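Heads up: the structure comes next, in structure tokens.
Since this is a predicted model, take the numbers as computed values, not measurements.
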Amino acid sequence: MQILIFGATGMLGQAIVRRWEGDELIALGSAQCDIRNSVEVERRVADANPDWIVLAAAYTDVDGCELNPQRAAAVNTAGAINVAKAAAEQSSRLLFVSTDYVFDGKNTVPYETRDVRNPINAYGKSKA
């Protein structure tokens, strides 16, 4: 299979690339593709024609997100939408890695994917 990874130079992306075996990987960091740029994302996805896309790219500086919520939304919200749209246009499957920061931490049991999101900071809001 052909796998396209956005965010390959970040902590999560590096771990994925290091451990992924048996498929052809195209690993892109932000220097190779800025997910905020929909045209660039569409071109990269069309050129790769991947079976799967892994979205590990994010603006993860929680304190930085508080200081610059516009950047957080541009990367974590609009960027994710750009990748999702490009995946749909190319009929690629998408694995989107998010965060527990979309929850407020008030549950007394582990969160499930269907639980109501209630982020308490700019980072969580940008990922919700």
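- Here the side chains of F6 and N82 are not in contact, with every heavy-atom distance at 4.5 Å or above.
- Using a 4.5 Å heavy-atom cutoff, the side chains of I3 and I26 are not in contact.
- Shortest non-hydrogen contact noted between D61 and G64 is OD1-N, 2.9 Å.
- Looking at T77, its side chain never comes within 3.5 Å of a backbone N or O of A74 through a donor-acceptor pair.
- Counting only heavy atoms from C-beta outward, the side chains of R93 and I53 never approach each other to under 4.5 Å.
- L95 is not connected to V45 by any chain of hydrophobic side-chain contacts under 4.5 Å among Ile, Leu, Val, Met, Phe, Trp and Tyr, and they are in different clusters.
- Within the 4.5 Å cutoff, side-chain heavy atoms of W20 are placed close to those of V54.
- When all heavy atoms of A122 and E66 are compared, the pair lying nearest together is N-OE2, 2.6 Å.
- Atom CZ in R117 sits 13.5 Å away from atom CG in D100 (nearest 0.5 Å).
- Side chain of N76 to backbone of K127: no donor-acceptor contact under 3.5 angstrom is found.
- Nearest heavy-atom pair across V102 and G124 is CG1-O, 3.7 Å.
- Contact record, V75 with R36: CG2-CD, 3.6 Å, taken as the closest heavy-atom pair.
- Looking at N49 and Q2, their side chains never come closer than 4.5 Å, going by heavy atoms from C-beta outward.
- Ring geometry, F103 versus Y111: the interplanar angle falls under 30°, so the pair is classed parallel (tilted spans 30 to 60°).
- Considering SG of C65 and CZ of R71, their distance stands at 8.5 Å, rounded to 0.5 Å.
- A8 and A27 get closest at one heavy-atom pair: CB-CB, 3.4 Å.
- For the atom pair SG (C33) and CG (D47), the distance works out to 10.5 Å, reported to the nearest 0.5 Å.
- Note that OG1 of T113 is 7.5 Å distant from CG of D115, once rounded to the nearest 0.5 Å.
- When every heavy atom of L12 is checked against every heavy atom of A56, the shortest pair comes out as CD2-CB, 3.9 Å.
- Between D104 and P119 there is no side-chain heavy-atom pair separated by less than 4.5 Å.
- When side chains are defined from C-beta on, M1 counts as touching W52, because their heavy atoms get closer than 4.5 Å.
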Under the side chain to side chain contact (heavy atoms under 4.5 Å, CB included) rule, what do I5 and L28 come out as? Steps first, then yes or no, please. CA-CA 6 Å; I5 301 174; L28 303 176; over 6 Å; no

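- The shortest side-chain heavy-atom distance between V97 and L55 does not fall under the 4.5 Å cut-off.
- Here the side chain of S92 pairs no donor or acceptor atom with the backbone of D51 at under 3.5 angstrom.
- Q32 places a side-chain N or O within 3.5 Å of a backbone atom of G29 that can act as its donor or acceptor partner.
- Residues V62 and Y59 are members of separate hydrophobic clusters, defined by side-chain heavy-atom contacts under 4.5 angstrom among Ile, Leu, Val, Met, Phe, Trp and Tyr.
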